[in-house]
Amino acid sequence: MSTLAISDLHVSIDTDQGNKPILRGVDLRLDEGETHAIMGPNGSGKSTLAYTIAGHPRYKVDSGSITLDGEDVLAMTVDQRARAGLFLAMQYPVEIPGVTVSNFLRTAKTAIDGSAPSIRGWVKDVRGSMEALRMDSTFAERNVNEGFSGGEKKRHEILQLELLKPKFAVLDETDSGLDVDALKIVSEGVNRAKSNTGLGVLLITHYTRILRYIKPDFVHVFVAGRVAEEGGPELADRLENEGYDRFLTTEATV
C-alpha cells in the first residue's frame, strides 16, 4: 500500500518584510485509496502545503519531512516527484501558449512512464476521458488553458489526473469558480480516477459543497499553519454550520 506521510513540517517564505513562517508543524498521513479534506480560512496555509508537496521553489522547508513510500520527497526535483506518483491540480492553472493540449498530455505521459504510449490506445483513452468530462474534442488542438474558462481549466486538470494515473493527487481548491454542473462533472472525474487506480486524494477547499460529491474519509481543519482539529465527514458538516470562528478565537488566545 502506498503512503504519503508528512511529519512536523515547518515551511516559510521570504517577503519584503523578511522571512515569514507559514506552516508550523504539520503532521498528516494519507494512504492509498483515502480521501482527506483540508479545510480552513484564507491564509491558513492550505495552498502552501499543496505547493510544498509539489516542490514550488518559493516555499522553504525549515524542518520536518515528506515521504512517499518511505522515499524522501523533499530530496526530489519537481519532475521526480511527478514520476514518483504525485500530482497537483492547481487553484489557478497557467496558460502555455504554443503548446496544444494533445502534445502536452502525451509529452507528460511519456515523461512519467519513461516511454511513449501507443498512438491508438492513447487516442482512445484521451477521447474517452474527454467525453466523460464533457469536453469538446476540439480542445485537444487548443493551446493549454489559453482562452479557457475557469470551468474548462479545471476539467483539463482532471483530464490530466485521469490520464497520468498518479498515486496521490493534491487538489487545490478545484471547486473554485465552478457552477453546479461543472462541479458534478469534475467530482465524477476525481471519483472515477480513484475507483480505477486506488488514487489517494488530498482535497483542499473552503466549502463543503464539493464534499457532497467527493466523500472524505478524514477532515483536517487548518488554522494559522497548524492542524487545529481532525475528524471524519461529520466535522465538515459542523464547519458548514459553525464556520471557523471558534478556531480563530482559540488561536488568538494562544
Side-chain angles (χ1 to χ4, degrees), residues 4 6 28 30 32-56 59 78 81-82 85-96 101 104-105 108 129-135 139 144-146 148-222 233 235-236 239-240:
L4 178 64
I6 300 167
L28 194 151
L30 173 61
E32 171 185 325
E34 292 180 345
T35 297
H36 290 238
I38 303 289
M39 304 185 71
N42 285 327
S44 58
K46 303 184 301 299
S47 291
T48 294
L49 177 63
Y51 286 111
T52 301
I53 293 171
H56 195 296
Y59 299 94
V78 173
R81 297 181 198 205
L86 296 177
F87 176 90
L88 172 65
M90 294 182 286
Q91 182 178 356
Y92 303 108
V94 298
E95 297 181 1
I96 310 178
V101 167
F104 172 79
L105 291 171
S129 291
M130 291 183 73
E131 287 176 5
L133 290 165
R134 301 183 197 177
M135 298 177 70
F139 274 91
V144 173
N145 292 325
E146 195 171 41
F148 285 22
S149 69
E152 289 166 347
K153 289 180 179 180
K154 298 300 177 73
R155 292 188 203 198
H156 181 225
E157 295 283 287
I158 304 308
L159 177 64
Q160 296 170 49
L161 174 64
E162 287 203 71
L163 294 171
L164 300 181
K165 295 179 170 57
K167 294 179 181 178
F168 294 98
V170 181
L171 309 181
D172 187 15
E173 298 195 30
T174 297
D175 52 339
S176 175
L178 297 182
D179 61 27
V180 173
D181 290 335
L183 179 64
K184 289 180 180 179
I185 292 167
V186 164
S187 298
E188 287 169 359
V190 174
N191 290 331
R192 194 163 49 246
K194 183 178 176 181
S195 176
N196 290 337
T197 66
L199 175 73
V201 177
L202 191 64
L203 175 61
I204 296 170
T205 184
H206 286 292
Y207 309 107
T208 58
R209 65 176 193 151
I210 194 171
L211 303 183
R212 299 169 193 162
Y213 306 106
I214 302 174
K215 302 295 185 181
D217 300 295
F218 304 95
V219 175
H220 311 266
V221 182
F222 259 47
L235 179 54
L239 292 171
E240 177 79 0

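Fair warning: this is a prediction, and the values are worked out from it, not measured in the lab.
Between the side chain of R81 and the backbone N or O of I53, at least one donor-acceptor pair lies under 3.5 Å. In this structure, the side chain of R192 does not engage the main chain of E162 through any donor-acceptor pair within 3.5 Å. Within the 3.5 Å criterion, the main-chain N or O of V221 finds no donor-acceptor partner in the side chain of K46. Between the side chain of T208 and the backbone N or O of L211, no donor-acceptor pair lies under 3.5 Å. When atom types are taken as modelled, the side chain of E157 and the backbone of M90 share a donor-acceptor pair closer than 3.5 angstrom. Without hydrogens or angle criteria, R209 side chain to L183 main chain gives no donor-acceptor distance under 3.5 Å. Within the 3.5 Å criterion, the main-chain N or O of G33 finds a donor-acceptor partner in the side chain of K194. Side chain of N191 to main chain of Y213: a donor-acceptor pair is present (N/O by atom type, distance under 3.5 Å, no hydrogens or angles).
The two residues P166 and F87 come nearest to each other via the heavy atoms CG-CB, 3.5 Å. Here the closest heavy-atom approach between residue N145 and residue E95 is recorded as O-CG, 3.3 Å. Contact record, I185 with L133: CG2-O, 3.4 Å, taken as the closest heavy-atom pair. Nearest heavy atom pair, residue P41 against residue S44, reads O-OG, 2.8 Å. Across all non-hydrogen atoms, the minimal contact from L171 to A89 is CD2-CB, 3.6 Å. Residues P233 and V219 come closest through the heavy atom pair CA-CG2, 4.2 Å.
Using a 30° and 60° split on the angle between ring planes, F218 and H220 fall in the tilted class, from 30° to 60°. Under the 30°/60° scheme for interplanar angles, the aromatic rings of F148 and F139 are found to stand perpendicular.
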### Message
Is there a side chain to side chain contact (heavy atoms under 4.5 Å, CB included) between L178 and I210? Walk through the geometry before answering.
### Response
CA-CA 10 Å; L178 297 182; I210 194 171; over 6 Å; no
### Task
Go through the steps to decide whether F168 and L202 satisfy the test side chain to side chain contact (heavy atoms under 4.5 Å, CB included), and finish with yes or no.
CA-CA 8 Å; F168 294 98; L202 191 64; over 6 Å; no
### Task
Before giving the answer on side chain to side chain contact (heavy atoms under 4.5 Å, CB included), spell out for I6 and T52 the whole-Å C-alpha distance, their side-chain angles and the decisive distance to 0.1 Å.
CA-CA 11 Å; I6 300 167; T52 301; over 6 Å; no
### Task
Take T205 and M39 through the side chain to side chain contact (heavy atoms under 4.5 Å, CB included) test and state the conclusion after the steps.
CA-CA 5 Å; T205 184; M39 304 185 71; 4.1 Å; yes
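Taking CD of E173 as the start and CD1 of I38 as the end, the distance is 12.0 Å to the nearest 0.5 Å. Residue S129 holds its OG atom at 11.5 Å from CD of Q160, rounded to the nearest 0.5 Å. Considering CG of L164 and CG of L105, their distance stands at 7.0 Å, rounded to 0.5 Å. The line from CG of D175 to CD of Q91 is 9.0 Å long, rounded to the nearest 0.5 Å. To the nearest 0.5 Å, atoms OH (Y207) and CD (E240) are separated by 10.5 Å. For the atom pair CG of L161 and OG1 of T197, the computed distance is 7.5 Å after rounding to the nearest 0.5 Å.
Between the side chains of H206 and N42, at least one donor N or O lies within less than 3.5 Å of an accepting N or O.
Two residues are said to be in side-chain contact when any heavy atoms from C-beta on lie closer than 4.5 Å; L159 and M130 meet this criterion. Side-chain contact between D172 and Y92 is absent, with no heavy-atom pair separated by less than 4.5 Å. Side-chain contact between S176 and K154 is present, with at least one heavy-atom pair separated by less than 4.5 Å.
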